[in-house]
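Worksheet for the structure shown next.
Please read these numbers as outputs of a predicted model, since none were measured by experiment. Whatever order the structure lists ligands and atoms in, that order sets their numbers, starting from 1.
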Amino acid sequence: MKDIIIIGGGIAGLTAGMYAKRAGMDTILFERMFPGGQAATTYSIENYPGFVEPISGPDFSMKLEEHARKFGLEILYDDVNEIIVDGDVKKVVTDGQVYETRTIILATGASPKELGLNKEDLFRGRGVSYCATCDGTFYKDRVTAVVGGGDTALEDAYFLAQYASKVYLIHRRDQFRGLKILQDRVLKHEKIEVLWDTVVESILGEEQVEGIEVRNVKTGQTTRLDLDGFFVAIGIKPNSELAKGKLDMTPDGFIIGDESMNTSVPGVFVAGDVRYKPVWQLVTAASDGAIATLSAQRYIMENFG
Ligand code: NAP
């Protein structure tokens, strides 16, 4: 039986793993895709303490994995299908195996939200994208649009402007939500045109994105914009399917955890973007991961001796 099973290999999970192995806990971490989580799809990280020069998301993620492995963390690249959390011994079920553990740390992160437009799903990968840093280079000298007004949309627009001939930044209000430093970069960039008070009505094209129809919510005027790449950056939704019906959650699916990362089920802890909290940042996710492991350690001492 394991001491801790961590589900999710973003910064929260990898930090939890690092702390656990350093403390001598028998621990494994499950990751379904690649280490680093959302950080791995970030162009440049410039607000993580200690990294004075900006570091790319993929490089940062590799460092995280390397750091966790240095302490001997075992990372299994496998999908977890179910967690069984009633009883003192918890179970983590993958396709081929059932793992027993004293504690579970859920660090499954969050994924980009969708707009819910016609053809949004159909054209995913054919002009519709949720990751500018992954797909942006395909749009060299092409026209693109980004929807959203938060940090992600501002960063994506700025990133795309390096390659694209033009970037429309479409926001439903007349004020951005994102950081001032990011706003300033975007507003003075010659290739970026901000469309305020504007919503996207539909995606146009036969086989792939050829344009979009937008509507100004103040004037009611609709306009067709011809473009090749359509990037959606309207926030995140939690990856909390494993916890449905088992742990307390907010109505939009974030797992509720207290300051010690305890969930509503003793022995099950939560960390990172899947947790309901006011600030979703790399540094807060790392902090969650460390706290979750320390709480799990305390729980094991108190309940298993
Ligand atoms: P966010 O802060 O929730 O912003 C989402 C944006 O999309 C808002 O401007 C919102 O408009 C707009 N939006 C939401 N639903 C929409 C819809 N259906 N149609 C049109 N527009 C819609 O999301 P985020 O930018 O992805 O950031 C998520 C979290 O990660 C935040 O906590 C952010 O600070 C953090 N983050 C930090 C960094 C960094 O520090 N460098 C980088 C990326 C993300 P309204 O403003 O009108 O609500």
Side-chain angles (χ1 to χ4, degrees), residues 10-12 36-61 107 109-118 120-121 128-134 136 145-160 167-187 192 194-203 212-218 222 225 230-239 250-254 271-288:
I11 186 165
Q38 290 187 93
T41 64
T42 300
Y43 166 53
S44 172
I45 294 165
E46 54 189 6
N47 60 354
Y48 198 82
F51 287 82
V52 180
E53 294 305 322
I55 179 168
S56 81
D59 285 351
F60 183 74
S61 303
S111 306
K113 269 199 230 162
E114 288 132 31
L115 276 165
L117 292 170
N118 72 316
E120 186 174 345
D121 220 26
V128 173
S129 171
Y130 300 83
C131 179
T133 46
C134 315
V146 177
V147 187
D151 291 340
T152 307
L154 296 171
E155 283 187 347
D156 284 1
Y158 188 72
F159 176 77
L160 285 168
V167 182
Y168 293 104
L169 178 53
I170 302 167
H171 185 36
R172 62 185 178 184
R173 289 189 296 134
D174 60 2
Q175 229 181 338
F176 286 129
R177 178 184 291 275
L179 286 172
K180 175 87 172 48
I181 183 175
L182 301 175
Q183 293 190 27
D184 291 346
R185 276 182 208 167
V186 158
L187 291 170
I192 302 174
V194 180
L195 304 181
W196 301 106
D197 301 310
T198 300
V199 293
V200 181
E201 295 277 85
S202 58
I203 300 173
I212 54 173
E213 189 176 68
V214 296
R215 178 171 54 86
N216 183 299
V217 292
K218 288 201 170 144
T222 57
L225 302 176
F230 181 62
F231 291 82
V232 181
I234 58 162
I236 51 173
K237 57 177 186 204
N239 300 326
T250 63
D252 46 1
F254 286 94
D273 284 0
V274 73
R275 180 169 85 92
Y276 178 69
K277 55 183 179 174
V279 179
W280 287 273
Q281 291 277 315
L282 282 170
V283 73
T284 59
S287 159
D288 282 6

| request: Could you tell me which atoms of ligand 1, counted from 1 in the order shown, lie closer than 4.0 angstrom to a heavy atom of Thr152? | output: 24 (P), 25 (O), 26 (O), 27 (O), 43 (C), 44 (C)
| query | Looking at atom 9 (O) of ligand 1, what's its closest protein heavy atom, distance included? | reply | Gly149 N, 3.0 Å
| task | Give the contacting part of Leu115 toward ligand 1: side chain, backbone, both or neither, where contact means a heavy-atom distance below 4.0 Å. | result | side chain
| message | Looking only at protein heavy atoms, which one is nearest to atom 14 (C) of ligand 1, and what is the separation? | response | Ile234 O, 3.3 Å
Using a 3.5 Å cut-off and no angle test, enumerate the donor-acceptor pairs between side-chain atoms of residues 173-182 and protein atoms at least two apart in sequence or in another chain.
from   : atom 1 : to     : atom 2 : distance (Å)
Asp174 : OD2    : Lys218 : NZ     : 3.4
Lys180 : NZ     : Asp184 : OD1    : 3.1
Lys180 : NZ     : Asp184 : OD2    : 3.0

| query | What distance do Phe159 atom CZ and Leu154 atom CG have between them, rounded to the nearest 0.5 Å? | reply | 15.0 Å
| So which of Lys113, Gln175, Gln281, Arg177 gets nearest to atom 4 (O) of ligand 1, if we judge by its closest heavy atom? | Arg177
| query | Within less than 4.0 angstrom of ligand 1, does Glu46 place any heavy atom? | reply | no
| request: Output all residues satisfying side chain to side chain contact (heavy atoms under 4.5 Å, CB included) with Pro58, sequence neighbours left out; order by chain, then residue number. | output: Ser56
| query | For atom 40 (O) of ligand 1, what's the nearest protein heavy atom and its distance? | reply | Asn47 ND2, 3.0 Å
| query | At what distance, to the nearest 0.5 angstrom, does CD of Glu213 lie from CG of Leu117? | reply | 11.0 Å
| For atom OH of Tyr276, is the number of surrounding heavy atoms from other residues, nucleotides or ligands below 6.0 Å larger than 12? | no
| Which protein non-hydrogen atom lies closest to atom 41 (N) of ligand 1, naming both residue and atom, and how far is it? | Glu155 OE2, 2.9 Å
| atom 11 (O) of ligand 1 [closest protein heavy-atom partner, distance rounded to 0.1 Å] | Arg172 NE, 3.2 Å
| said: As a check for students: among Tyr48, Trp280, Phe176, Tyr130, identify the option with a heavy atom nearest to atom 30 (O) of ligand 1. | reply: Trp280
| request: Considering only non-hydrogen protein atoms, determine which one is nearest to atom 47 (O) of ligand 1 and report residue, atom name and distance to 0.1 Å. | output: Arg173 NE, 2.7 Å
| query | Is the gap between the ring centers of Phe51 and Phe60 under 6.0 Å? | reply | yes
| query | What protein heavy atom is closest to atom 33 (C) of ligand 1, reported as residue, atom name and distance in Å? | reply | Asp151 OD2, 3.4 Å
| query | If you round to the nearest 0.5 Å, how far is CD1 of Ile45 from CD of Glu155? | reply | 9.0 Å
| note | atom 23 (O) of ligand 1 sits nearest the protein heavy atom Gly235 CA, 3.2 Å
| field | Spatial distance of atom CZ (Arg172) from atom CD1 (Ile234) [nearest 0.5 Å] | value | 7.5 Å
| task | State, with a plain yes or no, whether a side-chain heavy atom of Asp156 is found less than 4.5 Å away from one of Tyr43. | result | no
